[in-house]
Amino acid sequence: MSWIFYVIFFALVIISASIFGSLYSRQEAKEIKKEIESDISVDQMKKLEENLTAFLSKNNLSTNSSLDEISRVLKINIGKEVDIPTQADLSMPDRNGQRWVTFKYGLSNQKRIFAFAHECGHLINGDEGHHTRPDGKNKPTVDQLADYTAAAILLPMQDLKAFLEERNYKNLKKSKKLSIIKELCERYNVEDILVVRRIREIYSIN
Amino acid sequence: MPTSKDTKKKNSRNNIFENSKRDAGIYLFVYVILPIFAIVFTIAKKSNNNLLAYSFCYLSIMINAFECLYDITNRWSREKSIKNAKLFWMAIPVIIIIIYSLSQFIGTLMMEKVLFNFDWIFISYSITIFIALFDGIRCFSRDITLSNNA
């Protein structure tokens, strides 16, 4: 077979991979967009921020307290990975008042951190009953509110707002915004979608 | 009703480049563009009259294939995932090419003649190219989506 055949063949492979890749990416882009959009109102966000601030000041914690410090106050500990249908499951308190969060197998480090913060969010929000972090979209309102509180714990509003103002984020080009988002992901050890969503929430509240 | 499929879909670890544009860009250059050039030039320029040059064409392809295989094994993760499945299917053609190139190299040098010619085997590398390009495009597209919504 002549070399021209190989050139044509590989070119066809590249073109078809590009087409399929683009089509799949379009679908992923729609999903990412849905995840970035807020599913609670601005009033609810403000209330949750006030709630979190009140909790932190009541327990002598600063606004940029770490998740470890907050979980120590709430007596929540990191548990094992188990085969569960939800991302995380918060146990009922034992006789010492300690609770354990078990995680689903195979979660990334960042997802585990967020799921842990989500469970902390349930207690801070005063949610009663058994708590989990469900997979997928269309979560109940109580979980959407816990998600918001989790994001507020991991990406404190004042800290993040000061950071964005210092970098003049609103007036930056898209490529510069993206590098700031990546920087924030590393700094706070969270996923990029969470950072983008949190930035939008902060700008909608303020 | 939420399912574990949703987690898998959204998990960046299903992308062999873990959504790193830089990783995808370098990989596509080193393991897609360069091997295609190597294969095409080998087919175009190899000569049955000069057996040393003939065998060294296959040696260069084999070395490149070994590097590709080493890269694939470094990306392998412990838990079962779609990423590992993709890496498995990427490794198969690379291993086939290594075996073929090695047998051509050693066979030609030892027997001092061209024993066989199954160069069409290189077409199997298109599986590796397809998967790498597919995930590479997803990396770039994800960043574009995030920057558009930032």
Side-chain angles (χ1 to χ4, degrees), chain A residues 1-7 9-14 16-22 24-33 35-37 84-87 104-108 110-111 134-139 169 172-182 191-193 195-197 199-200, chain B residues 1-15 18-21 28 32-33 35-37 39-46 77-81 117-120 122-123 125-150:
Chain A
M1 278 190 274
S2 106
W3 63 272
I4 295 171
F5 169 80
Y6 289 91
V7 170
F9 185 84
F10 283 128
L12 285 173
V13 168
I14 288 169
S16 55
S18 304
I19 291 170
F20 281 107
S22 303
Y24 193 86
S25 298
R26 253 180 161 187
Q27 194 54 39
E28 275 191 326
K30 284 182 191 168
E31 285 177 20
I32 288 171
K33 225 179 164 179
E35 278 193 71
I36 289 170
E37 278 165 10
I84 49 173
T86 55
Q87 284 193 5
K104 184 181 187 146
Y105 279 125
L107 288 183
S108 66
Q110 290 159 339
K111 275 203 160 62
D135 266 336
K137 297 296 292 176
N138 304 317
K139 292 193 264 290
Y169 180 84
L172 290 176
K173 281 186 200 170
K174 284 180 187 176
S175 55
K176 294 276 181 203
K177 281 185 177 177
L178 192 62
S179 59
I180 286 182
I181 289 165
K182 302 280 182 199
E191 286 191 330
D192 44 16
I193 290 175
V195 170
V196 172
R197 186 175 160 146
I199 290 172
R200 284 162 71 113
Chain B
M1 185 70 185
T3 66
S4 61
K5 245 193 198 176
D6 292 331
T7 312
K8 277 186 185 167
K9 252 197 214 169
K10 292 167 197 170
N11 194 334
S12 68
R13 289 186 299 169
N14 288 329
N15 187 306
E18 300 199 0
N19 295 325
S20 165
K21 265 184 343 205
L28 290 175
V32 173
I33 307 291
I36 289 175
F37 272 108
I39 290 168
V40 167
F41 278 118
T42 297
I43 307 297
K45 295 295 176 187
K46 70 177 181 178
S77 55
R78 270 190 236 163
E79 55 268 343
K80 261 190 195 177
S81 61
N117 187 353
F118 298 134
D119 285 348
W120 51 265
F122 292 131
I123 287 173
Y125 195 66
S126 57
I127 299 171
T128 309
I129 291 170
F130 188 95
I131 296 170
L133 203 48
F134 186 85
D135 272 7
I137 286 170
R138 284 173 63 203
C139 287
F140 285 92
S141 160
R142 183 189 168 88
D143 274 0
I144 291 170
T145 305
L146 285 174
S147 61
N148 284 342
N149 287 285

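So you know, we letter chains A, B, ... as the sequences are listed, proteins then strands, and number each from 1.
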Taking B:R142 for the side chain and A:I32 for the main chain, is one N or O donor matched with an acceptor at less than 3.5 Å? no
Distance from [X] atom [atom1] to [Y] atom [atom2], nearest 0.5 Å?
X      : Y      : atom1 : atom2 : result
B:D119 : A:F5   : CG    : CZ    : 12.0 Å
A:K173 : B:S147 : NZ    : OG    : 13.0 Å
B:S141 : A:Q27  : OG    : CD    : 11.0 Å

Selection from [options] maximising heavy-atom pairs under 4.5 Å formed with chain B:
options                       : value
A:V196, A:D192, A:V7, A:I4    : A:D192
A:L12, A:L172, A:I199, A:I193 : A:I193
A:A29, A:S25, A:S22           : A:S25
A:G21, A:A17, A:S175          : A:A17

Between [X] and chain B, with a heavy-atom cut-off of 4.5 Å, which part of the residue counts as in contact: side chain, backbone, both or neither?
X      : answer
A:I181 : side chain
A:F10  : side chain
A:K176 : neither
A:I14  : both
A:Y105 : neither

B:I144 portion near chain A, given a 4.5 angstrom heavy-atom threshold: neither
For A:V13 and B:S126, which heavy atoms make the closest approach, and how far apart are they?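 Closest approach of A:V13 to B:S126: CG2-CB, 3.4 Å.
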Smallest heavy-atom separation, A:S18 atom then B:L133 atom, equals OG-CD2, 4.0 Å
Apply side chain to side chain contact (heavy atoms under 4.5 Å, CB included) to residues B:T145 and A:E28 and explain how you reach the verdict. CA-CA 9 Å; B:T145 305; A:E28 275 191 326; over 6 Å; no
With a 6.0 Å cut-off on ring centres, are A:Y6 and B:F122 close enough? no
Determine whether A:E191 and B:N19 satisfy the following criterion, side chain to side chain contact (heavy atoms under 4.5 Å, CB included), listing intermediate values before the conclusion. CA-CA 11 Å; A:E191 286 191 330; B:N19 295 325; over 6 Å; no
Evaluate B:N148 against A:K33 for side chain to side chain contact (heavy atoms under 4.5 Å, CB included), listing each step before the verdict. CA-CA 10 Å; B:N148 284 342; A:K33 225 179 164 179; over 6 Å; no
Passes side chain to side chain contact (heavy atoms under 4.5 Å, CB included), A:K174 versus B:D143? Steps please. CA-CA 10 Å; A:K174 284 180 187 176; B:D143 274 0; over 6 Å; no
